[in-house]
2 protein chains.
Amino acid sequence: MLEWLKEPELNFPGQLEHGGFEHGVCVGQIQAKAGLTQSTVSEYLSILQRAGFIEAKRVGQWTYYKRNEGAFEALSKLIQSNL
Amino acid sequence: MLEWLKEPELNFPGQLEHGGFEHGVCVGQIQAKAGLTQSTVSEYLSILQRAGFIEAKRVGQWTYYKRNEGAFEALSKLIQSNL
DNA sequence: CAAATATATCGACTTTTCCCGATATATCAA
DNA sequence: TTGATATATCGGGAAAAGTCGATATATTTG
């Protein structure tokens with residue numbers, strides 16, 4: 001999912017009908033591509049959000065998720081320095 | 001364990017009586033510090049070895065493990081580029 | 001407000017990982 | 001060769017993670 005969200009336009013063409021990509025991609029799009037149930041995907045995303053790898057923005061009935069690039073940079077640096 | 005192995009002299013003083021640090025640190029030293037059973041630690045180390053994070057060298061009845069720094073560098077870069 | 005839609009949460013079940021004790025293997029010393 | 005020591009492997013029970021269906025919550029539309 002994290003890799004998919006690097007290129008939302010490429011990986012989630014259906015997102016066009018849901019307000020575009022400004023705020024990210026909504027759960028339904030990710031669910032369809034993942035082939036997992038809605039509940040599973042929703043839980044995954046909330047875990048990734050709590051871990052700081054993605055950000056959520058609720059707009060109306062939709063929740064948009066997008067990557068937080070800073071977190072990946074930080075993880076990479078952490079492995080370099082602490083591990 | 002991986003962090004411990006960054007500074008073997010500091011974290012495994014007992015290793016001095018086991019041939020020094022040239023080849024790394026032997027399992028018993030790591031086990032004592034980890035507070036886990038011998039079998040658990042041995043399994044961990046072999047997993048880390050298969051994953052490429054540490055290297056093993058058998059000398060007599062001892063197996064010495066030391067870090068493979070390249071693997072950490074590679075992981076850090078992989079997160080930067082692929083994730 | 002009621003129905004429809006999108007997402008979140010809950011409880012249960014399955015799969016995987018963690019960790020142990022017992023045992024096997026390898027080496028050394030006598 | 002025998003006993004002692006260090007490590008590895010195996011089988012199993014406990015803990016955690018993955019996944020689901022059912023249901024709850026929030027929002028929009030009529």
Side-chain angles (χ1 to χ4, degrees), chain A residues 1-5 8-9 11-68 71-72 75 79 83, chain B residues 1-5 8-9 11-68 71-72 75 79 83:
Chain A
M1 291 180 193
L2 294 172
E3 291 185 353
W4 293 342
L5 289 172
E9 291 85 353
N11 290 302
F12 304 101
Q15 180 64 29
L16 278 171
E17 285 94 83
H18 287 281
F21 300 95
E22 313 86 82
H23 302 117
V25 178
C26 56
V27 181
Q29 300 293 316
I30 300 172
Q31 192 229 318
K33 192 172 174 75
L36 296 169
T37 64
Q38 185 271 324
S39 62
T40 299
V41 172
S42 176
E43 191 183 357
Y44 273 26
L45 291 170
S46 90
I47 289 169
L48 289 171
Q49 187 203 355
R50 282 196 300 279
F53 291 111
I54 57 180
E55 294 166 352
K57 179 168 182 69
R58 183 92 194 212
V59 177
Q61 55 197 144
W62 294 282
T63 306
Y64 297 88
Y65 286 99
K66 67 174 172 189
R67 288 167 56 100
N68 174 16
F72 296 92
L75 176 59
I79 288 171
L83 206 70
Chain B
M1 292 180 191
L2 294 172
E3 291 184 355
W4 292 342
L5 289 172
E9 290 85 354
N11 291 301
F12 304 101
Q15 179 64 31
L16 277 172
E17 284 95 82
H18 287 282
F21 300 94
E22 314 86 82
H23 303 117
V25 178
C26 56
V27 181
Q29 300 294 316
I30 301 172
Q31 192 229 317
K33 191 172 176 76
L36 296 169
T37 64
Q38 186 270 324
S39 62
T40 298
V41 171
S42 176
E43 191 184 356
Y44 275 26
L45 291 171
S46 90
I47 290 169
L48 289 172
Q49 187 202 356
R50 281 196 300 278
F53 291 110
I54 58 178
E55 293 165 354
K57 179 169 183 69
R58 184 94 195 210
V59 177
Q61 54 196 146
W62 293 282
T63 306
Y64 297 88
Y65 286 99
K66 67 174 170 188
R67 288 167 55 99
N68 174 16
F72 297 92
L75 176 60
I79 288 172
L83 205 71

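Within every chain, numbering begins at 1; the chains are lettered A, B, ... in the order of the sequence lines, protein sequences first and strands thereafter.
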Visitor: Can you tell me how far apart CG (B:Leu2) and CD1 (A:Ile79) are? Round to the nearest 0.5 Å.
Guide: 11.0 Å
Visitor: Checking all strands, does B:Ser42 fall into the base, sugar-phosphate, or nothing category for heavy-atom contacts under 4.0 angstrom?
Guide: base
Visitor: Between atom OH in B:Tyr64 and atom P in D:dT7, what is the gap in whole Å?
Guide: 8 Å
Visitor: Name each donor-acceptor pair under 3.5 Å that joins a side chain in residues 48-60 of chain A to protein atoms two or more places apart or in another chain, with its distance.
Guide:
| from | atom 1 | to | atom 2 | distance (Å) |
| --- | --- | --- | --- | --- |
| A:Arg50 | NH1 | A:Ser46 | OG | 3.2 |
| A:Arg58 | NE | A:Gly60 | O | 3.1 |
| A:Arg58 | NH2 | A:Gln61 | O | 3.4 |

Visitor: Rounded to the nearest 0.5 Å, how far does CD1 of A:Ile47 lie from CD of A:Glu43?
Guide: 4.5 Å
Visitor: Measure NZ/B:Lys57 against P/D:dA8 and give the value in whole Å, please.
Guide: 14 Å
Visitor: What does A:Leu36 touch in the nucleic acid at a heavy-atom separation under 4.0 angstrom: a base, only the sugar-phosphate, or nothing?
Guide: sugar-phosphate
Visitor: Considering only nitrogen or oxygen atoms on both sides, find all protein atoms under 3.5 Å from nucleotides 11-18 of chain D and state each distance.
Guide:
none

Visitor: So B:Tyr65, base contact, sugar-phosphate only, or nothing? Heavy-atom distance under 4.0 Å.
Guide: sugar-phosphate
Visitor: Mind checking side-chain hydrogen bond (donor to acceptor under 3.5 Å, both in side chains) for A:Ser39 and listing every partner two or more places apart, or none if nothing turns up?
Guide: A:Thr37
Visitor: For the CD atom of B:Glu3 and the CG atom of B:Asn11, what is their distance to the nearest 0.5 Å?
Guide: 9.5 Å
Visitor: What distance separates A:Leu83 CG from B:Leu75 CG, expressed to the nearest 0.5 Å?
Guide: 7.5 Å
Visitor: Return the residues of residues 28-35 of chain A meeting this criterion: a heavy atom under 4.0 Å from some atom of DNA chain C. Order them by number, or give none.
Guide: A:Gly28
Visitor: When every nucleotide of nucleotides 22-30 of chain D is labelled 5' to 3' by its protein contacts under 4.0 Å (heavy atoms), B for base, S for sugar-phosphate only, - for none, what sequence of letters results?
Guide: B----BS--
Visitor: Quick one: side chains of residues 17-34 of chain B, donor-acceptor pairs under 3.5 Å with protein atoms, not counting sequence neighbours, listed by atom name and distance.
Guide:
| from | atom 1 | to | atom 2 | distance (Å) |
| --- | --- | --- | --- | --- |
| B:Gln29 | OE1 | B:Gln15 | N | 3.3 |
| B:Gln31 | NE2 | B:Leu36 | O | 3.0 |

